[in-house]
Protein chains: 2
Amino acid sequence: MLSIDELKSINFFEHLDEKELKLLLSISRKRTFSQGEILFYEKDKAQHLTIVLEGVVKIYKIDPKNNEIVLHRFRPKSLVAEMAVFEGISYPASAAFESEGSVLEIDFEKFKEYFLANTDVAFALFKSLTQKIKYLDNVIALNVVLDSTARVAKYICENDDALKMKNNQLAQYLHMTPETLSRILKKFTKLGFVEKADSSYKIVNKEALTILFE
Amino acid sequence: MLSIDELKSINFFEHLDEKELKLLLSISRKRTFSQGEILFYEKDKAQHLTIVLEGVVKIYKIDPKNNEIVLHRFRPKSLVAEMAVFEGISYPASAAFESEGSVLEIDFEKFKEYFLANTDVAFALFKSLTQKIKYLDNVIALNVVLDSTARVAKYICENDDALKMKNNQLAQYLHMTPETLSRILKKFTKLGFVEKADSSYKIVNKEALTILFE
DNA sequence: AAAAAGAGTTGACTTATATCAATAAAGATA
DNA sequence: TATCTTTATTGATATAAGTCAACTCTTTTT
């Protein structure tokens, strides 16, 4: 089911030798999920180091109005919620598969004992942690610091695929209603910052948009 | 100016021996700041590993309306913005001293070379990084997910000193105006969740408050 | 091509929070 | 204690974004 080659393809473990990979294999297991299935719930106790192998995992919270707020989307092969495992606390948000997929679950206590002293592994974990901080900083910059207009401007400038998404979905990514997004894009069109070409928008004045969020 | 004992008192380095501490000393320097002085600006290139030795450092962003949004307050002896240094990027926010204080600046390239392979140091850094993630998660939970009322409820339940602060300052911590905070506390008083005793509030029904944010 | 379904847009209205201005209370200073 | 200064509260109003409902445009299905 889970092969050594599969482990090796995970960048955290690329420098491990055969013996180490075998040891790792013995403390790991693979779990598959279908679309929509829950990987873990907020408040569950974090037990395993979890790495997405296939599919997309979303991390989300539910606000008091029952809106789902997606904080992060993880693609293969990233570590999910390692903070909770390291800190020995419960998950601060829930996680669900947005597509079919699978994860690798590693027994954390044993991992710590056998692998954390390995410089390469430690380095890869540093990288993963710092990137997560970078990502969270960005979430804060986007959602706490900016208003809706600036949020749209920033997101469409920094994410090429943003305007290719369904309006609906983009609105959800940006934590606003489709109506609000539609109105903002209309405003940008009037200002000549974007243009509507065959049913999807294109940026025509990136400089102007940039001014809105900087 | 900067002594070995001072280095040793920093938990990241408590396991280092004399020789290592001397080496560390040679790649470090101490800088002192007066109240209000800037440690770094958003967009500055991150060059040194920075540890607060004395005083309080606030990390903040400026929103489009020129409000200062404080994301974090660091007390001795914590690492500041290590993410930017590790990632080799510019600081995602600005930092200023809220009191008099000092920091230790460590040449990161040399630190990486000499110390990062040290298991104890690496472990302490893990700890620092995961705690930062925990903190940022909390900022998001507080500011993105919750509305003002829930935010006040959560903050006063989880921070004993919250109601001892000046209303003004608490409002700033919670990213809302003093007026809004005042109105929310008045509402809580009416509901019997808090009580005003000689010019400061006290929680009388923590369970009720908890329900508001969970 | 017509019909149906889904997605996007628009207008009217509501709500949460900010803003501004006036007052009240608390704390500091003389 | 009286006066000054700062901080907190209150009311009125403004603003940004959400909600709801109608409508229009796409896309898909038949």
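Below, chains carry the letters A, B, ... as their sequence lines are ordered, and counting in each starts from 1.
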So, using side-chain hydrogen bond (donor to acceptor under 3.5 Å, both in side chains) as the criterion, who are the partners of Y201(A) when residues are at least two apart? none
Ordered by number, residues from residues 141-151 of chain A within less than 4.0 Å of DNA chain D (heavy atoms) are D147(A), S148(A)
K43(A) meets the side chain to side chain contact (heavy atoms under 4.5 Å, CB included) criterion, sequence neighbours left out, with E214(B)
Apply ring pair (Phe, Tyr, Trp, His ring centres under 6.0 Å) to H72(B) and list each qualifying residue two or more places apart in sequence or on a separate chain. F74(B), Y135(B)
Which residues pass the ring pair (Phe, Tyr, Trp, His ring centres under 6.0 Å) test with Y91(A), sequence neighbours left out? F40(A)
Please tabulate, one pair per line, all N/O donor-acceptor pairs under 3.5 Å involving side-chain atoms of residues 44-54 of chain A, not counting sequence neighbours.
{"residue": "D44(A)", "atom": "OD2", "partner": "Y41(A)", "partner atom": "N", "Å": "3.0"}
{"residue": "T50(A)", "atom": "OG1", "partner": "H48(A)", "partner atom": "O", "Å": "3.3"}
{"residue": "E54(A)", "atom": "OE1", "partner": "S102(A)", "partner atom": "OG", "Å": "2.4"}

Which heavy atom of L71(B) sits nearest a heavy atom of V139(B), and at what distance? O-CG2, 3.7 Å
Quick one: which residue pairs count as a salt bridge (Lys or Arg N to Asp or Glu O under 4.0 Å) with a foot in residues 147-156 of chain B, not counting sequence neighbours? K154(B)-E158(B)
If each end axis of the helix from dA1(C)-dT30(D) to dA30(C)-dT1(D) is fitted on five C1' pair positions, the angle between them, to 10 degrees, is 30°
N/O (side chain, T180(B)) to phosphate O (OP1/OP2, dT17(C)) under 4.0 Å: no
Go through DNA chain D in 5' to 3' direction and return only the first and the last nucleotide with some atom under 4.0 Å of chain A's heavy atoms. dA17(D) to dT27(D)
So, for F115(B) and F13(B), is the gap between ring centers shorter than 6.0 Å? no
Return each pair, listed once, that meets salt bridge (Lys or Arg N to Asp or Glu O under 4.0 Å) where at least one residue sits in residues 84-103 of chain B; pairs must be two or more places apart or across chains. K127(A)-E87(B), K134(A)-E87(B), R73(B)-E98(B)
Pair listing, salt bridge (Lys or Arg N to Asp or Glu O under 4.0 Å) test, anchored in residues 201-211 of chain A, at least two apart: none
Protein-nucleotides 5-9 of chain C N/O pairs under 3.5 Å:
{"residue": "dA7(C)", "atom": "OP1", "partner": "K166(A)", "partner atom": "NZ", "Å": "3.3"}
{"residue": "dG8(C)", "atom": "OP1", "partner": "N167(A)", "partner atom": "N", "Å": "2.7"}
{"residue": "dG8(C)", "atom": "OP2", "partner": "N168(A)", "partner atom": "N", "Å": "3.0"}
{"residue": "dG8(C)", "atom": "OP2", "partner": "N168(A)", "partner atom": "ND2", "Å": "3.4"}
{"residue": "dT9(C)", "atom": "OP1", "partner": "K196(A)", "partner atom": "NZ", "Å": "3.0"}
{"residue": "dT9(C)", "atom": "OP1", "partner": "Y201(A)", "partner atom": "OH", "Å": "3.0"}
{"residue": "dT9(C)", "atom": "OP2", "partner": "N167(A)", "partner atom": "ND2", "Å": "3.0"}
{"residue": "dT9(C)", "atom": "OP2", "partner": "S182(A)", "partner atom": "OG", "Å": "3.1"}
{"residue": "dT9(C)", "atom": "O5'", "partner": "S182(A)", "partner atom": "OG", "Å": "3.3"}

Would you kindly say whether S94(A) and K61(A) are connected by a side-chain donor-acceptor distance under 3.5 Å? no
Under 6.0 Å from the CD atom of E195(A), do we count more than 12 heavy atoms belonging to anything else shown? no
